[in-house]
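Atom set for the values below is all heavy atoms of this structure, side chains included, hydrogens, waters and symmetry mates excluded. Each chain gets a letter, A, B and so on, in the order the sequences are listed, and its residues count up from 1.
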Amino acid sequence: MPPANYPRLRVGEVATPKVAVRGAAGGAIMDAMPELPEVETIRRDLEPHVVGRRIVRTWCSDGPRYGDIHDAAGRAILALRRRGKYLLAELGEVGTVASPDAVSGIAARELVIHLGMSGRLFTAASRPDSPHLRAVIELDGPEHLYFDDMRKFGQLLVVRPGEYEALETLAHMGPEPLSADFDAENFHRALVASRAPVKAVLLGQRVVAGIGNIYADEALFLAGIHPGSRSVSRPQSRRLHAALKQVLAEAIANRGTSFSLYRDGHLREGNHYRELKVYDREDQPCPRCHTAICKTRIAGRGTHFCPSCQKPPRSTGNGRG
DNA sequence: CTGAGCCCCTGGGCGC
DNA sequence: TGCGCCCAGGGGCTCA
């Protein structure tokens, strides 16, 4: 069963990153962890509802992660962008009209939003009845923007555009994996330069942006690379480069992993959840070779891989010694 | 500087 | 049946 007291979305709300999903192995409920595809899905859903609107006022619950958004009041939302797992709402000067000219203008502030593990960002006509509501951004339209976050790992912050001193990860974010900036040769060089397990490099956000635990496991499986490998060959890094693009693009097309909703007492699986090859599939047969999927712990995270398709490197990481 | 590991936080699952 | 421990994880932080 999903959390009984977790607020159900009302009709008209959009994009829920936090939903209940049936674990394929044990029937366990797991959270939808917002990674790049989930955040991008939310961005696309919210964009037509918030861009061009003015922020009338804001409210935040107490806590170090939700303060400092009151400077957003009085500003128009010029654009809603995404960087890695962060949402960036570009805000205009106080009092300026959200005209098409203003929308194309230069932002005066940025509202930075990170959903953490359980954050939900959605628009609604009225304040949702939730014990985990952390922030309200009232707009000059029929709907307001709400941030709900059960586990309090999310973050809201208003900064001057591009000034991310308080956000170390965002300040040092690597290239967007689905953009031309994500260069295969640079990616290979970065992997070779690090002595950390390849999965830890993917999760680090500095070499490539937006990769979380699910898509790290999926991409490494697709590329046939052991997640604990500390050295990758050029062919391997090229496969991983392509696998990351493929996995993320497919997940976006499916509106992200774990987007099932709890309705009328029934659980429905998310669109991309059923496409997962290794994540949360411990002891189930590998879709490629039918070997049982293994689960271990790498970089402090649960890590799933096929021990047959993703063999650990012997010495140099290149099968040819 | 870099990698490893802990911590934050909450609720579901499960062991005793 | 009920209590309480353990787990999940993104990113910030500390320590070696």
Figure out the [atom1]/[atom2] separation between [X] and [N], and round it to whole Å.
X: A/Leu36; N: C/dG11; atom1: CG; atom2: C1'; result: 16 Å
X: A/Asp149; N: C/dG11; atom1: CG; atom2: C1'; result: 13 Å
X: A/Ile113; N: C/dG10; atom1: CD1; atom2: P; result: 19 Å
X: A/Glu168; N: C/dC13; atom1: CD; atom2: C1'; result: 11 Å
X: A/His114; N: C/dG9; atom1: NE2; atom2: P; result: 15 Å
X: A/Asn213; N: C/dC7; atom1: CG; atom2: P; result: 16 Å
X: A/Gln155; N: C/dG10; atom1: CD; atom2: C1'; result: 11 Å
X: A/Leu157; N: C/dG11; atom1: CG; atom2: P; result: 15 Å

**OP:** Between A/Gly302 and A/Ala166, name the one whose nearest nucleotide on DNA chain C is closer to the 5' end.
**Re:** A/Gly302

Original post:
Is A/Phe153 stacked on the base of C/dG11 when the test is centres under 5.5 angstrom and planes under 30 degrees?
Top reply: no

Atom of [X], atom of [Y] and distance for their closest heavy-atom approach:
X: A/Leu36; Y: A/Glu176; result: CD1-OE1, 3.7 Å
X: A/Thr291; Y: A/Cys306; result: CB-SG, 4.1 Å
X: A/Ile42; Y: A/Leu87; result: CG2-CD1, 4.2 Å

Is the phosphate of [N] approached by [X] (side-chain N or O, under 4.0 Å from OP1 or OP2)?
X: A/Ser194; N: B/dG3; answer: yes
X: A/Gln205; N: C/dG11; answer: yes
X: A/Arg230; N: B/dA4; answer: yes
X: A/Tyr164; N: C/dG11; answer: no
X: A/Lys295; N: C/dA8; answer: yes
X: A/Arg297; N: C/dA8; answer: yes
X: A/His132; N: B/dC9; answer: no

Taking only the side-chain heavy atoms of [X] (C-beta and beyond), determine which of [options] contains the nearest atom.
X: A/Lys152; options: B/dG11, B/dC9, C/dG12; value: B/dC9
X: A/Arg151; options: C/dG12, C/dG9, C/dG11; value: C/dG9
X: A/Pro197; options: C/dG9, C/dG12, B/dA4; value: B/dA4
X: A/Met150; options: C/dG10, C/dG9, B/dG11; value: B/dG11

Original post:
Taking for each residue the nucleotide of DNA chain B bearing the nearest heavy atom, is the 5' side occupied by A/Arg134 or by A/Ala200?
Top reply: A/Ala200

Original post:
Distance-only, no hydrogens or angles: does the A/Asp181 side chain make a donor-acceptor pair with backbone N or O of A/Pro175 under 3.5 Å?
Top reply: no

Original post:
Would a distance-only check, ignoring hydrogens and angles, find a side-chain to backbone donor-acceptor pair under 3.5 Å from A/Gln310 to A/Ile225?
Top reply: yes

Subject >> Base C/dG11 paired with A/Arg301 side chain (donor-acceptor, <3.5 Å) >> reply: yes

Subject >> Any residue meeting side-chain hydrogen bond (donor to acceptor under 3.5 Å, both in side chains) with A/Thr58, in chain and number order, not counting sequence neighbours >> reply: A/His70

**OP:** Using the salt bridge (charged side-chain N to carboxylate O under 4.0 Å, His left out) rule, pick out the option among A/Arg81, A/Arg83, A/Arg75, A/Arg160 that qualifies with A/Glu110.
**Re:** A/Arg81

Original post:
Where does the angle between the aromatic ring planes of A/Phe187 and A/His241 fall among parallel (under 30°), tilted (30 to 60°) and perpendicular (over 60°)?
Top reply: tilted

**OP:** Would you work out how much the helix from B/dT2-C/dA16 to B/dC16-C/dG2 bends between its ends, with each end axis defined by five base pairs, to 10 degrees?
**Re:** 60°

